[in-house]
2 protein chains.
Amino acid sequence: MRIGELSRRTGVPTRLLRYYEEQHLLHPDRSGNGYRSYPESAVARVQQIRGLLDSGLTTEMIRAILPYLCGPDALVPDPGSVPPETAALLQGHIDRIQSRIDCLARNRDRLAAYLAVVRPGGR
Amino acid sequence: MRIGELSRRTGVPTRLLRYYEEQHLLHPDRSGNGYRSYPESAVARVQQIRGLLDSGLTTEMIRAILPYLCGPDALVPDPGSVPPETAALLQGHIDRIQSRIDCLARNRDRLAAYLAVVRPGGR
DNA sequence: TCGAAGTCTGACATCAGTGTGAAGGTCAAG
DNA sequence: CTTGACCTTCACACTGATGTCAGACTTCGA
């Protein structure tokens, strides 16, 4: 599929699809005329990227973790082919994400508590 | 306390403390010489702000919710003094935060699952 | 009293994520 | 063959969060 269709199907402007490619988050190949050509799976991938960006991750973090969370993973490598430092890096990313979750959850709870007091019969 | 001490105690550069003030996240008063004067509680407030920024919220969102999550809230207003549209806005913020949490948790789980496969006896 | 350290404001720079537009190539339908 | 829709690259601009520096004033310790 070409960039326009991908854009329509994901709601992401073509400008950004090209930007994500520049950031090595997407790797469309090119057809003879130079047009980008995306596989069907790009739709999900783009939605994945958008979700993570909207959640406040940078393209750099996304680039780091994207290889490990794309698809139902028929492509799990055999253990041992993944060097321990990669596993450690990955664990670091997981920890950072967990910190964010904790912070956000804490503050969500505070807001909800406030709201509960202020709007006792609410909702 | 003056800005230098607040900076030392929070690890946040003075540049950013001034920036947060410009963004109406902090409201130090001024002593006679024009120096900013922060109350003790500013330390916690700054840490709160940092946590939220690090979690990917913008100063705008933080400005919106900060009034409702600062301190152990002896200052809960009586229900009814809070207009319903404010409550609705607040609920919207809670929902947005929840979306982020969901997205992050989903991806954390995927990473963890990958890691579990790759490093079966790990950790 | 002098100098160092702290503070003030203001300006300019950077980086990431986006928006927007120009100038030109490709292709299909009339 | 022309027109319109789509694609290409390149470039400039903006916002938000942050770094850095300059010039001036204040405070404090030797």
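To find a chain, count down the sequence lines: A is the first, B the second, and so on, and within it residues start at 1.
- Note that the CG atom of A:L53 and the CD atom of A:Q48 stand 10.5 Å from one another [nearest 0.5 Å].
- Proximity of residues 33-43 of chain A to DNA chain C (heavy atom under 4.0 angstrom from any strand atom) is restricted to A:N33, A:Y35.
- Distance CZ (B:R30) to C1' (D:dC25): 14 Å, rounded to an integer number of Å.
- Taking the 5' to 3' direction, DNA chain C first and last meets chain A under 4.0 angstrom from a heavy atom at C:dA16 to C:dC27.
- With sequence neighbours left out, A:E85 forms a side chain to side chain donor-acceptor pair (under 3.5 Å) with no residue at all.
- Looking at residues two or more places apart in sequence or on another chain, you find no side chain to side chain donor-acceptor pair (under 3.5 Å) involving A:D109.
- Checked against side chain to side chain donor-acceptor pair (under 3.5 Å), B:Y19 has no partners two or more places apart in sequence or in another chain.
- Residues satisfying the salt bridge (Lys or Arg N to Asp or Glu O under 4.0 Å) test with A:D102, not counting sequence neighbours, are none.
- Rounded to a whole Å, the CE atom of A:M1 is 16 Å from the P atom of D:dC6.
- To the nearest 0.5 Å, the span separating CD1 on A:I101 from OG on A:S55 amounts to 9.5 Å.
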Subject >> Summary of protein contacts for nucleotides 11-18 of chain D, nucleotide by nucleotide, where a base hit scores B, a sugar-phosphate-only hit scores S (4.0 Å, heavy atoms) >> reply: B----SBB
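- Considering only heavy atoms from C-beta on, B:L57 comes within 4.5 Å of A:L104 through its side chain.
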Original post:
So what is the 5' to 3' dot-bracket string for DNA chain C, if pairs are Watson-Crick or G-U wobble with both distances under 3.5 Å, crossing pairs use [ ] and | means the partner sits on another strand?
Top reply: ||||||||||||||||||||||||||||||
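- Nearest-nucleotide positions on DNA chain D for B:G32 and A:I3 put A:I3 closer to the 5' end.
- Ionic pairing of A:E5 and A:R9 is present here: one or more N-O contacts between side-chain nitrogen and carboxylate oxygen are shorter than 4.0 angstrom.
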Between protein and nucleotides 22-24 of chain D, what N or O pairs are separated by less than 3.5 Å?
none

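- Partners of B:R63 according to the salt bridge (Lys or Arg N to Asp or Glu O under 4.0 Å) rule, which considers only residues two or more places apart in sequence or in another chain, do not exist here.
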Using a 3.5 Å cut-off and no angle test, enumerate the donor-acceptor pairs between side-chain atoms of residues 32-39 of chain B and protein atoms at least two apart in sequence or in another chain.
from: B:N33; atom 1: OD1; to: B:S31; atom 2: OG; distance (Å): 3.3
from: B:N33; atom 1: OD1; to: B:Y35; atom 2: N; distance (Å): 3.0
from: B:R36; atom 1: NE; to: B:E21; atom 2: OE1; distance (Å): 2.5

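- Considering all non-hydrogen atoms of both residues, B:R45 and B:L25 come closest at NE-O, 2.9 Å.
- Shown here are the side chain to side chain donor-acceptor pair (under 3.5 Å) partners of A:R96, two or more places apart in sequence or in another chain: A:H93.
- Screening A:R50, A:H27, A:R15 against A:Y20 for a side chain to side chain donor-acceptor pair (under 3.5 Å) leaves a single residue, A:R50.
- Between A:R100 and B:D54 there is no side-chain heavy-atom pair separated by less than 4.5 Å.
- Summarising the geometry, the separation between CZ on A:R18 and C1' on D:dT9 is reported as 9 Å, rounded to the nearest angstrom.
- Taking 4.5 Å as the limit, every side-chain heavy atom of B:I94 sits out of range of all side-chain heavy atoms of B:I65.
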